[in-house]
Chemist: 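This is the structure I have questions about; it appears just below.
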Amino acid sequence: MKKSIVHIQNLNLKYQSNLVFDDLSWAIQNGEQWVLYGASGSGKTSLAKAIAGLLEYSGEILINFDDKSKLPAKVLLVDSWYQFKNLEGVANFYYQQRYTSQQAKETLTVNAELMYFGKENHLAFADAEPILIALGFERLKNSQLIQLSSGEHKKLQLVKALWLKPQFLIIDQPYTGLDSASRENLNILLDDAATGGVQLVLISNDQALPSCINRFAEIKDGRLAIANEAFKISALPNGSLGEIPRFLREAPKYSSELIAKMVDVNISYGEKQVLKNIDWEVKAGEKWLLQGPNGSGKSTLLSLINGDHPQSYANKIYLFGNRRGSGESIWDIKQHIGLISPEFHWYFDNNSTVWGSIASGLYDSLGLFKTLPYSKTIEVDELIKFFGLTENKNDLFNTLPLGKQRLVLLARTIIKNPELLILDEPCQGLDHQQTQYFNQLIDELCTNGITVIYVGHYESQLPSCLEKRIFLEEGKVKLIEEIKKEKVQEHFELVL
Amino acid sequence: MSNYFNTLPLREKLNQLGVCEFMDSSEFADGVDALKGKKLVIIGCGAQGLNQGLNLRDSGLDVSYTLRKEAIDGKRDSWKNATENNFKVGTYEELIPSADILINLTPDKQHTAVVKAVMPLMKQGATLSYSHGFNIVEEGMQIRKDITVIMVAPKCPGSEVRAEYVRGFGVPTLIAVHPENDPQGKGLAQAKAYAVGTGGHKAGVLLSSFVAEVKSDLMGEQTILCGLLQTGSILSFDKMMEKGIDAGYASKLVQYGVEVITEALKQGGITAMMDRLSNPAKIKAFEISEELKNIMRPLFQKHQDDIMSGEFSKTMMEDWANGDKNLLKWRAETGETAFEKTPAGDVKINEQEYFDNYTLMVAFVRAGVELAFETMVQAGIKPESAYYESLHETPLIANTIARKKLFEMNRVISDTAEYGCYLFDQACKPLLKDFMKKVGTDLVGKNFNEGKDGGVDNKKLIEVNETIRTHQVEKVGAVLRRAMTAMKAIKTA
């Protein structure tokens with residue numbers, strides 16, 4: 001009988017001080033391509049890290065590489081969270097740094113990074129080309145790593161993994177942040193890799209998987225339960241939301257009918273133009289959906305509204321009734337806005353507690369540097385209760401599983417009951433159930449007349465309150481339209 | 001031009017050295033009002049220039065940059081930094097005549113040339129701002145009497161000034177008004193508004209004077225900050241080589257050790273740093289640091305004396321005039337040391353190991369910080385000023401060593417600091433010769449606690465703790481650190 005490729009026996013694993021797996025056993029046989037799914041915090045990522053040798057464990061994990069294979073005898077784990085370093089090997093970047101143009105080159109270019117990776121692993125550069133094309137990455141070759149958006153960082157990780165083609169490839173959340181075209185192409189690339197002899201384990205709660213996937217397992221309560229199919233969406237139980245705290249039921253106090261107005265806005269870095277002739281108006285109370293492929297300029301557009309972009313001073317932008325650059329500070333702007341984005345999450349202050357993280361939203365700071373008035377501490381407590389985070393209130397932000405971290409950041413965005421909510425892919429990395437819960441929350445919170453700009457790639461994962469859509473392509477406004485209510489409703493029901 | 005400090009009567013010398021007030025946050029309630037609607041023009045667009053300008057503009061102020069004509073025509077990096085972030089850029093002739101506040105953020109060495117060129121163009125009653133007082137105090141630059149002269153000096157590298165601002169915080173900042181140039185009495189209000197504009201008021205502002213800033217800054221950088229860290233690093237590495245410790249390990253221990261050790265210093269002063277050691281190691285580190293203080297005290301005093309008398313700046317300026325002959329020679333010599341040439345090994349050293357296996361550096365840091373602080377205070381500098389220029393800055397400099405060893409440290413610090421650092425290093429090494437003979441691998445390279453039972457004498461330990469904790473640098477530090485607890489840790493290793 002042929003040896004199994006991966007053989008796990010009596011695996012015991014701890015996350016912080018909690019036992020995640022207790023005597024887990026699992027075997028991967030030749031020809032099996034796996035998907036693992038499970039709730040946030042169930043231990044999917046820990047298992048992957050243990051197999052890749054990145055976590056300490058007790059028990060046995062045996063990997064039998066095929067010495068006849070031409071593929072490198074390696075286990076590669078593609079993390080769900082990206083990581084890059086500057087030229088001196090320091091990962092010490094800060095939020096919105098990428099919008100500032102600085103001549104002192106801090107990070108490598110994409111091209112140099114790939115060259116380095118190729119050289120280190122003895123790969124032929126020609127083999128990377130088709131992957132770069134399939135994922136729409138070639139135009140980014142000369143960009144510096146720090147200039148990439150979160151979706152583009154994800155793609156760079158995938159490019160490297162698919163180029164290396166290790167014998168054993170584990171990808172944690174392969175689709176996070178990818179636009180729908182890249183997602184389809186990724187599935188084709190994964191099928192090709194599997195045909196070429198790569199053993200795959202995907203960690204994903206998605207259903208649109210590559211066709212090579214033939215084995216499924218759910219991780220639940222510290223066990224691995226073999227399943228016959230991909231993760232099935234089950235409806236949320238009714239009435240799972242409690243009552244919204246009173247201070248959030250009041251309508252936000254609008255300082256102007258016009259939230260944001262852009263007139264012929266252009267943004268470029270050197271020769272590269274990222275936004276072209278943008279005209280857009282957001283009025284108080286409107287609910288916008290902002291869409292576009294990876295790299296189309298969505299985050300840059302939002303950074304203009306949030307006061308994060310140095311080039312906004314040379315453009316004609318009106319925010320909350322005032323012309324940008326007329327003597328206002330960025331803090332004057334931010335006080336009207338609650339924002340969540342993958343990038344903001346990446347740079348968030350990991351050392352603050354859940355309570356402090358939420359409270360910091362009152363002052364728009366990353367970390368809490370002020371003492372709250374008593375009335376505000378009550379509001380923070382009420383909101384924590386509403387979000388079901390009371391148990392975690394004194395925990396450090398970075399010790400929570402990703403899904404809960406997102407909830408904390410969502411709570412942070414609404415703590416001051418702002419005029420405008422900017423929700424840039426708020427559900428990235430969440431499973432379907434969490435996404436549904438999250439979007440229901442947003443729908444509930446929106447009933448008070450708040451203005452919303454929401455970024456999301458997948459139609460089936462949007463809140464139903466959205467009314468208008470703006471679509472960007474290569475830095476231009478391709479389309480502005482009303483969203484037909486029935487259509488969204490239909491989608492929503494399909495999901496449920 | 002003659003040394004400004006030396007022209008003062010003793011009474012006025014002491015008076016200016018003694019300006020030192022840690023400002024209450026209520027002092028900043030007017031925000032940026034004093035600068036609102038005024039034209040702020042920054043000379044130079046390097047790391048400090050660009051990042052301070054970004055902060056000031058994001059605080060609602062009108063900021064533009066003036067550069068030399070060659071920099072604009074040649075589209076140099078400073079021009080690109082400014083224009084690509086949508087700042088207005090112009091020549092001296094174009095922008096300076098309309099400037100209300102002219103902010104000089106060029107390197108120290110260029111100050112005389114820059115200030116001579118811009119002064120005739122400045123309008124009546126404008127303000128000139130510096131971030132370091134060397135030009136005014138040591139070079140004795142005379143500024144037109146109608147002009148207000150202030151100083152605003154964030155005590156961190158430019159990138160951190162920006163990073164802390166955008167997260168809603170700031171970096172500790174020192175401000176001052178030059179008493180010879182405050183004709184309208186508006187200097188302090190403008191300096192405070194400037195500190196608010198860069199976010200400094202959130203992390204603590206120290207009101208100082210040009211004189212106090214220069215005399216303490218020079219002292220700190222030559223002795224503990226750069227000088228002693230260089231001497232200590234080289235001697236430690238050489239000792240490990242002599243005792244047969246693996247070169248890659250030794251190189252890594254020294255390169256990153258000083259950063260890890262001083263991170264504890266940053267968070268909780270000498271006390272927190274010493275508390276990371278086991279009890280026996282702490283007592284040992286205490287004893288040898290006392291010994292080090294006795295050996296090095298005369299050298300620290302000599303540096304302070306030469307700084308006060310102007311002797312140091314005089315000899316350094318002679319070297320400037322001589323094409324930096326000495327500086328370049330000493331820089332090359334530092335590049336040739338064994339530590340500099342041995343790459344850090346591919347070994348994992350965990351955080352506690354840096355303390356346990358590098359007790360010698362803990363002793364060096366305690367001795368250096370306390371000595372620098374004590375010597376400054378004895379010379380008439382106030383404890384708060386002395387704290388910023390000794391303990392506060394040590395982790396920042398240690399971070400540059402962790403990045404790329406001594407070469408990086410000497411590249412990042414000013415030429416003034418670099419020159420003083422080499423002077424100190426050359427004098428300090430021979431002084432420590434006999435001391436280093438007694439040092440074994442238990443103090444550097446191997447775990448101090450190995451083969452010991454961990455027992456200590458109660459009375460001895462209490463006495464040592466008492467001495468460490470009641471030192472004046474600890475008392476002042478506790479107050480100042482409270483204002484900046486929110487600053488993020490710098491991490492490399």
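Letters A, B, ... mirror the listed sequences (proteins, then strands); counts begin at 1.
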Chemist: Minimum heavy-atom separation for B/Asn86 and A/Pro310, please, with both atom names.
Modeler: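 Here B/Asn86 and A/Pro310 meet closest at CB-O, 4.1 Å.
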Chemist: Could you tell me whether a side-chain N or O of A/Tyr313 sits under 3.5 Å from a main-chain N or O of B/Arg57, the two making a donor and an acceptor?
Modeler: yes
Chemist: Select one option (side chain, backbone, both, neither) describing which atoms of B/Asn51 are under 4.5 Å from chain A's heavy atoms.
Modeler: side chain
Chemist: More than 12 foreign heavy atoms under 6.0 Å from NZ of A/Lys316: is that the case here?
Modeler: no
Chemist: What's the separation between atom OG1 in A/Thr100 and atom CD in B/Glu84, rounded to the nearest 0.5 Å?
Modeler: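 These two atoms lie 11.5 Å from each other.
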Chemist: For chain B, which residues from residues 322-331 of chain A lie under 4.5 Å away (heavy-atom distances)?
Modeler: A/Arg324, A/Gly327, A/Glu328, A/Ser329, A/Ile330, A/Trp331
Chemist: Got a sec: does the NZ of B/Lys39 have more than 12 other heavy atoms crowding it under 6.0 Å?
Modeler: no
Chemist: Does CG belonging to B/Asp346 count more than 12 external heavy atoms closer than 6.0 Å?
Modeler: no
Chemist: Just give me the residue among A/Gly367, A/Gly307, A/Ala314 that pairs up with chain B most often, heavy atom to heavy atom, under 4.5 Å.
Modeler: A/Ala314
Chemist: Strictly by ring pair (Phe, Tyr, Trp, His ring centres under 6.0 Å), give each pair with a member in residues 37-85 of chain B just once, sequence neighbours left out.
Modeler: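 Qualifying pairs: B/Tyr65-B/Phe87.
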Chemist: Take a 6.0 Å sphere around NZ of A/Lys416 and say whether it holds more than 12 heavy atoms from other residues, nucleotides or ligands.
Modeler: yes
Chemist: Where do A/Asp349 and B/Arg167 land on the side-chain contact (heavy atoms from CB on, under 4.5 Å) test, with the steps shown first?
Modeler: CA-CA 9 Å; A/Asp349 184 6; B/Arg167 63 190 284 267; 3.5 Å; yes
Chemist: Would you say that more than 12 heavy atoms from the other residues, nucleotides or ligands in this model lie under 6.0 Å from the CZ of B/Phe22, or not?
Modeler: yes
Chemist: Can you tell which part of B/Leu61 gets under 4.5 Å to a heavy atom of chain A, answering side chain, backbone, both or neither?
Modeler: neither
Chemist: Which of the residues B/Arg162, B/Lys88, B/Lys202 is involved in the greatest number of heavy-atom pairs with chain A at under 4.5 angstrom?
Modeler: B/Arg162
Chemist: With only heavy atoms counted, which part of A/Tyr269 is less than 4.5 Å from chain B, the side chain, the backbone, both or neither?
Modeler: neither
Chemist: How about B/Glu70: does its CD atom have over 12 heavy atoms from other parts shown lying under 6.0 Å from it?
Modeler: yes
